[in-house]
Amino acid sequence: MDFEVLVQLKAEVLDPEARAIKDTLIAHGTTSIQSITIAKRYVVSIENNDPHPEEKIKKIADKYLANPVSQTYSIKRLGE
Amino acid sequence: MDFEVLVQLKAEVLDPEARAIKDTLIAHGTTSIQSITIAKRYVVSIENNDPHPEEKIKKIADKYLANPVSQTYSIKRLGE
Amino acid sequence: MSSIAFPKMTQRVTKPPLINVADKDQLSALLKRHKISTDEFDKILSATGRAPTLAELGVFSAMWSEHCSYKSSRIHLRRFPTKGPKVVVGPGENAGVVELEGDLCVAFKMESHNHPSFIEPYQGAATGVGGILRDVFCMGARPVANLNCLRFGARSHHKTPTLVAGVVKGIGDYGNCVGIPTVGGSVSFDETYNGNCLVNAMTVGLIHKNKIFKGYATGIGNLVVYVGSATGRDGIHGATMASDSFEDTAGASKTTIQVGDPFAEKLLMEATLEVLEKGLVVGIQDMGAAGLTSSSFEMAGRAGNGVYINLDHVPTRSANMTAYEIMLSESQERMLMVIEPGKWTELQGVLKKWQLSHAVIGEVTDTGRMQIDAKGVLEIDLPVAPLTDEAPVYERRMALRRSACDESSPLKKLRERLSSDSGYALDLYKKMIVDVGSKKQIIQQFDRHVGGKTVFDSERGGAAVIWIRSRDTTHKPFLGLAITAGCNERRVKNSPLIGASEAVRDCARAIIAAGGLPIAVTDCLNFGNAEDAEVMREFSDSVDGIAEACQQLGTPVVSGNVSLYNATGATSIFPTPMIGMVGKMDDVRKAVPATVESGQDLLICTITARSAGNSSLAASLAAKNANISPIEGAITAIDWMEEKKSHEAIYSLQKSGYLVAARAAGEGGIGLAAFKMAVNSVRLGASLEILTSDVSEFFGEGATAFLVAIKPENLRAARNIAEQSQVSLKSAATISRLGQLEANRRFGVIKTCFGPISTEDLLASFEAFMPVGTT
Amino acid sequence: MLTKPAFGRLRVGVVQFPGSNCDDDCLDVLRRHYEMDASKIWHQETSLPKLDALILPGGFSFGDYLRSGALAARAPIMESIKSFAARGGRILGICNGFQILTESGLLPGALLHNSSQKFICTHTKIKSPQGPVLKIPIAHAEGRFWIDEEGLRRLDDLDLIAYRYCADDGRVSVEVNPNGSVANIAGVYSKDKKILGMMPHPERATDMLMGGSSDGITVLNDFLQRI
Ligand SMILES: Nc1ncnc2c1ncn2[C@@H]1O[C@H](COP(=O)(O)OP(=O)(O)O)[C@@H](O)[C@H]1O
Ligand SMILES: [Mg+2]
């Protein structure tokens, strides 16, 4: 069973990398870019016979993948 | 118009971060994890009046967001 | 266009809403959130002559905060010796400056980022490094070295691994990217820091005497220029403004964590140094704590002028930011400059080259007031002085901590056990070694070589040595700096007065051991709750201890920082007055390392002043590892006459060229100091034999000043030299090349009077220093 | 072999990107040790002055955002650098400079996050196929050289592996691989051997006072001598 965990900076937290990429693209002449945001996408595959996969992935995301001080995350089960 | 660009290491390239997370999870007693993969997810928003947004995002991904030597990428247009 | 006049606000749309002082409940909630006492609010009212606006209240809250105003510490800090023939800029400026040789000066300062690092270790530590770098380069000094002093909770505490991993990575990623080598510091673990870690960062820079810039908003009509990253709702000071009746004006926003951008910092640094070199600004200050508020008020305050700012011109990152938010944001990598209008075009050229956003946001006025418009509303209209020079000063209550009843009994027992049970002694020794730990896992994450000036860094232990190596030929070609920082908090806890003196003395010893001459001191005074009378007494005594040592050593305090309220519930941290010291090296080729790196046969000797106090186990590393709290037992005051004799001896020994290595004896007694000195050669296969069999000397701290490594054939001559300074030099250990029998061992052996130690295991635990954690 | 004064007549440029931080260190060696009249070249230039060689120094160009070296590899100056290379110009990329060269396709392979996932600053021993063991420091977070098997074979066949991490005695083994690089590779040449990229910093080992090694001079001599 595959889960996608998307981890992203909270809204309004400065993302200097996204800013630098955007600025550089524009400086190099790429037009009509409005914004760039960056997230990390984890795909965690859990054995099918696990009794509580949803709980497990939530715990993993909470404890290991996202930093609650600065980040938010979302979980999606990927199509079979 | 928003595009998602997912950039990932090629399958044959070791991702030490993914491995470290998996190892830590297992060491801390989390069972039934089969695999973890990590990708970087860019959401690039392009102005609606851009005449060739698809071409543009492909060019940005090709030229900037992914390094063809070690990475692969995929592009998806995000729902309106 | 060669100059620009700032477009003044002519038409104000509305009057700003004032706080309703009649609503007592609401007012007291508001004051509580802003940490303003009712007495202080009365002072505010008399300064403003009316009820303040919300933004004004925020400004008072920030400027009168402990962090900005030093209100609890100020009366004590006055006791520091701050003057001296080498002092060019003393405390009160962004960094202290002392003369090194001729016009060449050193600017340096240490600052705390404890609280943010505990909340978010990576960003907290990173932005701490960013802040201290800006303090130094905004004076026009080019940073050449970073150091950091870290204190974490017990290794076994569940938070410790994550904190260590995050803080170390944060410091490394920031300093490495800006390109300033991180060459030294200190770190230790103790349960006293379980709820309050300490992250103190220090930067040392080089500057020419006639090119020192200060934070003065001088010249009526001069422009106030904002430079650097845009302002977001980052780390807004004090509480968020959710007060019902103010919702409309306050925007009720959530504050977000401060994120460091070392790339932006590097650009800001290059631009600032270029702008200052070209003389394009009159005054400059970084926007550190309390951001635009403290930088603008302090610059105006120092110059005795007023400043007008229109916040509509401030580059912002978030939409609809209120005056309150813009004024109190602590977004990183920003600078405030005051320039003559005629310099605008040239300034803009430099800032554009370095891709920095910038804007004229105001001008210097003769009103003596800070007047700030936003969206057509005069949000702030305050006299400057009450917020700066006339900020409240408190003489907090002090009380001497009652000491434990039978001070010496646990120590007596420890001493007896160590003398009678060699298995126990050996175990305790190993425990101490592992507790101190190799700093390798930390320092490998720091670029220690960028800049090409590093002669000795943390890899060699002891003080760092930096080779000035400039192309400027007015100074000696091998001129350098010796730099060190730290403090032994257990000894300060034991006796704040003596322990703090010792912290200064130990820094001086490290510099002297490296071959340097101590010049001046910076400090970062980390203490607990200022409203706890015993804590304030610890603070006051520590100040006196530092003052005494600085007086004795001729090393004035030229900059520093105070961090109070490092407490969790009723428990305050051990008093931790971190000391940073800079010394001069006339010839870095003659620098003496603190470790031996070769397998050659050597003698390790102690340098002990004749009437030095007894070695004491009180508050020692041995006591810590035997779980004896530092409150018990006493340490003896420093005999400065004798101390100076040992310094003299080291200088003479250096001149003689006999010193292969030298280090301050410091914590952990001769046992640990000998281990530190020899560990790298043990790794190469040499063996270390510690000859000392006296438990007090082996484990105790206090009596021995230095350890030196010399060739055996030089013993007699070296002893003669030491005796001329009236100190004794005795062999305490030997390092010897491996013999035939041991030739196939990977590491050498360590022998002590308690028995031999298997180095394979010991070195593995010594190096597995960092609790494993992820960021 | 050229003598020091002969080196001194070479015209070498050091390219400065925003975030470069070893540009001054490189210039310093060229000026102090080789007595060259070397100069910096700003990344926004669109043409190069007349030069014998270029150095792309270490640092964190554009903050190393995106991937280290990626944004610099697309900077305006790179077009002229590519034509300089095409004309047979010599280029040395150190650390971030190496990353820029692989990102721009001037050198093969890619430089990925160290397998430890941590920045590492330490002294390493490196060795060219025929040369002596050299002590040169490294300082990087993304220095794991990666190339596919075929690419590695090609590097080997054409003798394009410039330096490998090795032990004190010159032996190449996993134990002395600081970052997980394929085949312990620390530096590689372009096909025509005119471009060299390496993670270790030769400019940081040009005086015995700098960590007890001046082996970096051997590396720089070797590079300059090929001009
Ligand atoms: N947090 C730190 N950051 C950088 N360097 C450090 C840090 N902590 C310790 N060091 C350095 O590591 C070396 C060894 O430190 P330590 O174990 O305290 O022994 P020493 O007695 O030599 O100071 C010293 O040179 C010190 O400056
Ligand atoms: Mg120390």
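The sequence lines fix the lettering, A, B, ..., with proteins before strands; numbering per chain opens at 1.
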If I measure from the heavy atoms of chain A, does B/Ile57 come under 4.5 Å with its side chain, its backbone, both, or neither?
neither

Apply side chain to side chain donor-acceptor pair (under 3.5 Å) to A/Lys76 and list each qualifying residue two or more places apart in sequence or on a separate chain.
none

For residues 26-34 of chain B against chain A, heavy atoms under 4.5 Å, the residues are B/His28, B/Thr30, B/Thr31, B/Ser32, B/Ile33, B/Gln34

B/Lys63 portion near chain A, given a 4.5 angstrom heavy-atom threshold:
neither

So which residues of residues 42-53 of chain B are in contact with chain A at a heavy-atom cut-off of under 4.5 Å?
B/Tyr42, B/Val43, B/Val44, B/Ser45, B/Ile46, B/Glu47, B/Asp50

Any side-chain heavy atom of A/Ile38 within less than 4.5 Å of one from B/Arg41?
no

From CD1 (B/Ile36) to CZ (A/Phe3), nearest 0.5 Å:
13.0 Å

Flag the one option from B/Ile60, B/Leu65, B/Val7 with the top tally of heavy-atom pairs under 4.5 Å to chain A.
B/Ile60

Please output the residues of residues 10-23 of chain B in contact with chain A, using a heavy-atom cutoff of under 4.5 Å, in numerical order.
B/Glu17, B/Ile21

